[in-house]
Amino acid sequence: MSLFHTMGFAGSVAIIIYILSYVYTKRHLPIVWHKVYLTVTIVLFLIPFPYFCMNYGAWVRNVLRVGKFLQSKDGQINNSGYSIFIYKNRIVAYNTLSYIIMFILILISICLIFHMAGNYKKAHRTILKYSNPSEIETNMIHVLGGNGKVKVYRCRGLDTPVATGLLYGNIILPDIDFTQDRLKDALNHELIHIKVKDNLVKVLLYVVVFLNFYNPFVYYLWKRWSIVAEMYCDEKVLAGKNPQQIKDYANMVVDFAEGKYSAIVPFMGLGKNAGEKELTERIKNMMKNRKKFGLFSKVVGTALIAAGVFASSLTAAAYQSRDVAYFNESNDAEKVQSFFIGEDVEQLKGQTDECLDKIETYITSETSVLFVDESGNVYYDNLEENEIQPHNTCTHTYVDGKQAMHYIYSDGHCRVEYYEGQRCSKCGKNIFGDHISTQTFDKCPH
């Protein structure tokens, strides 16, 4: 599995654990726990954990007894799909279809990210066009605990309060008449978003969604994090309020969600981050009685986050690196094959003994890479059922031998280049050493 997909797999595992435990966590853990867990999951999608934790991945594979499983299943090693040969004039990569698909996916992701950035910039520019600074409400923000960098604007035609900016941010309010309590609650809600850097996390979430747009779990993460972030702010605003004040706040959220105010500049904000189902969940969360979560809930919550991170980290064992070899020569052949011969085979310069004849017979097959070990066992590296691809977490055990490249040309002749080489007896990773010799045949005898 490639690093890119391993990262996506890690985040997906965390989401699955969240979904499976939701029946319990919804009732017994606070909203802040849900927000922390989902934010950690966003990070898991973005950090290339497997690349930096090879020893950990090897330990995981050892604990899970992957090697024992392969032996019991008579598994063979497949390396052909992950070999890249770099020449002076070209690059030869096996399993090129996977690279093409990967390139298309990444290209689509980049286009989506730029499209999102362009839309955000356009919307932000439009808002500023219709906005004017409000000194009175800016002073109110400072009373509520905002720092001096947070400013408040009034925007004509905006239909819901919004917080802008990634690190410090500003608050933009619709240019409507608020009661004093509603104004204070709206400002406080958006200020909490700024304090906890929700806009920054939201940008990272968008990147995760666009990089993994083919993964249905990221859309659940997107939807769930958005509503949890709103409920977290709701709870902070409503702390210590009486039932009537809570009801007034809920009515304000519903008014914004229903588009009660004219919208020249529609924008996602306090009341418009979810659909009807999610809005109902928000209102119910506002109205329910607050209970204190004790030590047991904290221990369970911490254990669930640790379990999610640990389970996600196990995907490091699925990471497969590319086997890259560099050649100080050009390549103009129509077909290239690679094979490895163990040390018990004699020097290959022109010899035609029984072992070499056997190896040359193998060269004629459709395999890309093959390995003959010291006992004479032959491992084909074409894609067959029950074959296992190499993992970068392997604790390599190398066998010395000769590495050869077989170049086939359209006019019928061929060339074989011999190198010193090593091959891992566990995962099949190849290492090319010093060049030994070259054999050229007017007509390919292989």
Q: If a pair satisfies salt bridge (Lys or Arg N to Asp or Glu O under 4.0 Å) and one of its residues is in residues 236-245, list it, with sequence neighbours excluded.
A: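 Passing the test, one end in residues 236-245: D185-K241.
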Q. Restricting to pairs with a member in residues 204-214, which pass salt bridge (Lys or Arg N to Asp or Glu O under 4.0 Å), not counting sequence neighbours?
A.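 Those involving residues 204-214 do not exist here.
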Which heavy atom in [X] sits nearest to a heavy atom in [Y], and how many Å separate them?
X    : Y    : value
H193 : A229 : CE1-O, 3.9 Å
L44  : G11  : CB-CA, 4.3 Å
G8   : N212 : CA-OD1, 3.8 Å
H189 : C233 : CE1-CB, 3.4 Å
N199 : L166 : O-CD2, 3.8 Å
V209 : Y219 : CG1-CE2, 3.9 Å

Side chains of [X] and [Y] in contact at under 4.5 Å (non-hydrogen atoms):
X    : Y    : answer
F256 : P174 : yes
V152 : N170 : no
L173 : V162 : no
K247 : M252 : no

Supply the atom-to-atom distance [X] [atom1] to [Y] [atom2], rounded to the nearest 0.5 angstrom.
X    : Y    : atom1 : atom2 : result
L191 : L144 : CG    : CG    : 6.5 Å
K151 : S134 : NZ    : OG    : 12.5 Å
C155 : I172 : SG    : CD1   : 6.5 Å
D234 : N188 : CG    : CG    : 11.0 Å
R154 : I136 : CZ    : CD1   : 9.5 Å
K149 : I194 : NZ    : CD1   : 13.0 Å

Test side chain to side chain donor-acceptor pair (under 3.5 Å) applied to [X] - qualifying residues, sequence neighbours left out:
X    : result
K197 : none
H115 : N119
Y153 : none
Q244 : D248

Restricting to side chain to side chain contact (heavy atoms under 4.5 Å, CB included), what partner residues turn up for [X], sequence neighbours left out?
X    : answer
L105 : H5, I101, F213, Y214
T302 : none
I15  : I19, T41, F45, F217, Y220, L221
V13  : F9, I17, A311, S312, T315

Q. Can you tell me if D434 uses its side chain to pair, donor with acceptor, with the backbone of E420 under 3.5 Å?
A. no
Q | Crowding at CG, L107 (>12 non-hydrogen neighbours, <6.0 Å) | A |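 Yes.
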Q: Could you walk me through whether Y249 and D181 pass the side-chain hydrogen bond (donor to acceptor under 3.5 Å, both in side chains) test, one step at a time?
A: CA-CA 9 Å; Y249 178 86; D181 287 340; over 6 Å; no
Q: Would you please test M286 and V253 for side-chain contact (heavy atoms from CB on, under 4.5 Å) and show each step?
A: CA-CA 11 Å; M286 295 176 198; V253 172; 3.9 Å; yes
Q: Output, in order, the C-alpha distance, side-chain angles, deciding distance and verdict of side-chain contact (heavy atoms from CB on, under 4.5 Å) for L211 and I110.
A: CA-CA 8 Å; L211 288 177; I110 292 174; 5.9 Å; no
Q. Considering residues at least two apart in sequence or located in another chain, which fulfil the ring-ring contact (aromatic ring centres under 6.0 Å, His included) criterion with F114?
A.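 Expected list: none.
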Q) Taking NZ, NE, NH1 and NH2 as the nitrogens, is one of them in R224 or E281 under 4.0 Å from a carboxylate oxygen of the other? A)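 Salt bridge flag = yes for E281 with R224.
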Q. Salt bridge or not for D177 and R182, using N-O below 4.0 Å?
A. no
Q. Cut-off 3.5 Å, side chains only: do N215 and S12 have a donor facing an acceptor?
A. yes
Q: Evaluate the side-chain contact (heavy atoms from CB on, under 4.5 Å) criterion for residues F210 and V218: first the C-alpha distance (whole Å), next the side-chain angles of each, then the deciding distance (0.1 Å), finally the verdict.
A: CA-CA 9 Å; F210 292 148; V218 299; over 6 Å; no
Identify all side-chain donor-acceptor contacts of residues 29-39 below 3.5 Å with residues at least two apart in sequence or on another chain.
unit_1: W33; atom_1: NE1; unit_2: G301; atom_2: O; d: 2.8
unit_1: H34; atom_1: ND1; unit_2: Y18; atom_2: OH; d: 2.8
unit_1: H34; atom_1: NE2; unit_2: T25; atom_2: O; d: 3.1
unit_1: K35; atom_1: NZ; unit_2: D198; atom_2: OD1; d: 2.8
unit_1: Y37; atom_1: OH; unit_2: A14; atom_2: O; d: 2.7
unit_1: T39; atom_1: OG1; unit_2: K35; atom_2: O; d: 2.7
unit_1: T39; atom_1: OG1; unit_2: W225; atom_2: NE1; d: 3.3

(Q) salt bridge (charged side-chain N to carboxylate O under 4.0 Å, His left out) for E235 and K288? Distances and angles first, verdict last. (A) CA-CA 11 Å; E235 288 193 354; K288 73 179 183 181; 5.0 Å; no
